[in-house]
Amino acid sequence: MRRRFQSTRSRCKLRTCPTCHQPFVAPRDVLAAQDDGQLVVELQCVNCGWSSIALHQAPELVALDRALDHDSAQMEAAADALAVTLELERIDRFALALHEGHILPEDF
């Protein structure tokens, strides 16, 4: 079974790197807060190393945070699926070895 990660690029403009065009931009630091609610944030692409320090609106940053949460949940689900797949394969190999007589009671 193959799963494809759903891209959050279309929902979050800040998530896409302007240099490599990949959805790997993440906030590094909040440098300052303005009185009108805007934040000076350092963003960096973990794919190509691009970085930017700019003023952003809170809704943009909330969308970025949600996109990062979504991506993290997808990675966690993929890791869980891989763990289950590996365990099932291990069980199948053990059952085959047992059925073919490669495992004997004295092996335990």
Can you tell me how far SG of Cys12 sits from NE2 of His70, rounded to the nearest 0.5 angstrom?
12.0 Å

Less than 4.5 Å apart, side chain to side chain, heavy atoms only: is that true for Ile53 and Val40?
yes

At what distance, to the nearest 0.5 angstrom, does NE2 of His56 lie from CD of Gln34?
12.0 Å

Smallest heavy-atom separation, Ala67 atom then Arg15 atom, equals CB-CD, 4.1 Å

CG on Leu68 to CG on Leu64, rounded to 0.5 Å
4.5 Å

Asn47 CG to His21 NE2 distance, which is reported to the nearest 0.5 Å:
11.5 Å

Just by distance, do the side chain of Asp29 and the backbone of Leu31 share a donor-acceptor pair under 3.5 Å?
no

Which distance, rounded to the nearest 0.5 Å, do you find between the CG of Leu61 and the CZ of Arg66?
12.0 Å

Side chain to side chain contact (heavy atoms under 4.5 Å, CB included) assessment of Leu39 paired with Leu55:
CA-CA 5 Å; Leu39 300 168; Leu55 192 63; 5.9 Å; no

Run the side chain to side chain contact (heavy atoms under 4.5 Å, CB included) test on Glu89 and Thr85 for me, step by step, so that the C-alpha distance in whole Å, both residues' side-chain angles and the decisive distance to 0.1 Å come before the verdict.
CA-CA 6 Å; Glu89 287 175 358; Thr85 300; 3.8 Å; yes

Give a yes or no answer on whether the side chain of Glu100 reaches the backbone of Ala97 with a donor-acceptor pair at less than 3.5 Å.
no

Under 4.5 Å between side-chain heavy atoms, counting indirect links through other Ile/Leu/Val/Met/Phe/Trp/Tyr residues: same cluster for Leu14 and Phe24 or not?
no

Closest non-hydrogen contact found for Leu43 with Pro27 is CD2-CA, 3.7 Å

Intermediate values then yes/no, side chain to side chain contact (heavy atoms under 4.5 Å, CB included), Val30 and Glu42:
CA-CA 6 Å; Val30 176; Glu42 180 182 6; over 6 Å; no

Looking at every heavy atom in both Cys20 and Cys45, which two are closest together, and how far apart are they?
SG-SG, 3.6 Å

Between Glu87 and Arg90, what is the shortest heavy-atom contact and its length?
OE2-NH2, 2.7 Å

Leu96 side chain reached by His102 side chain, heavy atoms, under 4.5 Å
no

